[in-house]
Every structure is written in C-alpha cells, then in structure tokens.
Amino acid sequence: MFDDLPPDLERLHTLRVWHAMWLQRIDTKIAALRQRQAEEDRGRRHRPAPPEWIVELGMGAGRPPVQIHSGNCHMAGGRRRPVDRDEARRLLAAGLAACTHCQPDAVLGILDLSARPALTTAARRPNTRTLRSIGLRPRCSTHSTIRTRTPPR
C-alpha cells in the first residue's frame, strides 16, 4: 500500500493543524452563505407588493405629473410615485396623459379619454401672425412662416 503521508510525528501534527484551519475556514464560509440565503428568503417573503398604479413625474420645481402607468409598466421613467386607483382615475379624468404602452385608461374604464386626438406639432406651434400682432417675434426660423416681400422699386 502506497502511503504519501510523512513518516514523522511532527510533520503529521503540522498537516493536522493546517487541515483543521482549512476546515474552520470552510465551515465559516458555509455558515455565512446559509445566513445570506436565509436573509434573501426572508426579504423575498416580506417584500412589499408593487403599486397598482404609478404617476410619472416631470422635472423641475414641484415635479408636476406627466403620465399615468400601471404598476408593472417598464416604460415608466425613474421619477415616479405610487398612487391608488381613485387618484389614477381622477388624474386621467383631469386630462393627464395615459401611457400608450400599458394603457391604464382602458384598464381603469376611462375609454373616452383614450380616443382623444393627439396634438400635432403644427397645433402646438404658436401662430406667428398672432405673435407679431402683439409685437413679439417668433423664437426661431421654424416659427416664421410669414415671408415679407420687399416692394419692387
């Protein structure tokens, strides 16, 4: 029989201490991993439920609401706050935009607001004749649709 252990007592004690040290490190690591796994399981069991409805908030002072989303919509931005069903319905009825992806207006039963015609960019653009009539100039060249002709000489 092949025996690869050292023949003297001193080296055998050294190996025993070395292996005992490694067993202690392994046991400590096992205990730490069991504790971490128990904490993760406890955290999963006690995690609060996701909100049913989310209001996406705008930027700036006061952070006005921008859009309504369902609670699990991945299109909602990072600035948001949870709202209950009644507040979501109230905000939609007040004219706040509904997400076109998760369609909370359809889920909440406010279908007449989802069929609203969207404003085109031309409808959002200020009328340059109105601006000039009150003594203002358009901000950029895209708003200056009126071309003035120089009279012939």
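Keep in mind the model is a prediction, meaning the values are calculated, not measured. Quick note: numbers below take in every heavy atom, side chains included, and nothing from hydrogens, waters or symmetry partners.
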*Under 6.0 Å from the CZ atom of Arg63, do we count more than 12 heavy atoms belonging to anything else shown?*
no
_Once side-chain hydrogen bond (donor to acceptor under 3.5 Å, both in side chains) is applied, do any residues pair with Glu40, and if so which ones, sequence neighbours excluded?_
none
*Please identify each residue that fulfils side-chain hydrogen bond (donor to acceptor under 3.5 Å, both in side chains) with Asp84, with sequence neighbours left out.*
none
*Please identify each residue that fulfils ring-ring contact (aromatic ring centres under 6.0 Å, His included) with His13, with sequence neighbours left out.*
none
_Clusters formed by hydrophobic residues whose side-chain heavy atoms approach within less than 4.5 Å: which one holds Met59, and what are its other members?_
none
Give the table of side-chain donor-acceptor pairs shorter than 3.5 Å for residues 18-33, with sequence neighbours excluded, one pair per line with atom names and distance.
| unit_1 | atom_1 | unit_2 | atom_2 | d |
| --- | --- | --- | --- | --- |
| Gln24 | NE2 | Thr28 | OG1 | 3.3 |
| Thr28 | OG1 | Gln24 | O | 2.8 |

_Residues forming a side-chain hydrogen bond (donor to acceptor under 3.5 Å, both in side chains) with Arg34, sequence neighbours excluded_ = none
*Give the other cluster members for Val66, using side-chain heavy-atom distances under 4.5 Å between Ile, Leu, Val, Met, Phe, Trp and Tyr residues; answer none if it is isolated.*
none
_Quick check on the hydrophobic clustering: are Val107 and Met75 connected, directly or via other members, by side-chain heavy-atom contacts under 4.5 Å?_
no
*Any side-chain hydrogen bond (donor to acceptor under 3.5 Å, both in side chains) involving residues 46-58? Give me the pairs, sequence neighbours left out, ordered by first then second residue.*
Glu56-His69
*asked:* Show the nearest heavy-atom pair for residues Leu92 and Ala98, with the distance to one decimal.
replied: CD2-CB, 3.7 Å
_Any Pro104 side-chain heavy atom under 4.5 Å of Cys99 side chain_ = yes
*First locate atom CD1 of Ile68, then atom CZ of Arg90, and finally report the distance between them rounded to the nearest 0.5 Å.*
9.0 Å
*If you measure from SG on Cys102 to CD on Gln67, what distance do you get to the nearest 0.5 Å?*
8.0 Å
*Among Ile, Leu, Val, Met, Phe, Trp and Tyr joined by side-chain contacts under 4.5 Å, find the other residues sharing a cluster with Leu5 and list them by chain and number.*
Leu12, Leu15
*asked:* What I'd like to find out is whether the side chain of Val83 reaches to under 4.5 Å of the side chain of Ile54, using heavy atoms alone.
replied: no
*asked:* My understanding is that only residues two or more places apart in sequence, or in another chain, count here; which of them pass side-chain hydrogen bond (donor to acceptor under 3.5 Å, both in side chains) with Glu87?
replied: Arg81
*Kindly write out the residues that satisfy salt bridge (Lys or Arg N to Asp or Glu O under 4.0 Å) with Asp8, not counting sequence neighbours, or none if the list is empty.*
Arg11
*asked:* Any heavy-atom pair between the side chains of Leu108 and Arg85 that's under 4.5 Å?
replied: yes
*With sequence neighbours excluded, residues passing side chain to side chain contact (heavy atoms under 4.5 Å, CB included) with Glu39*: Gln35, Arg42
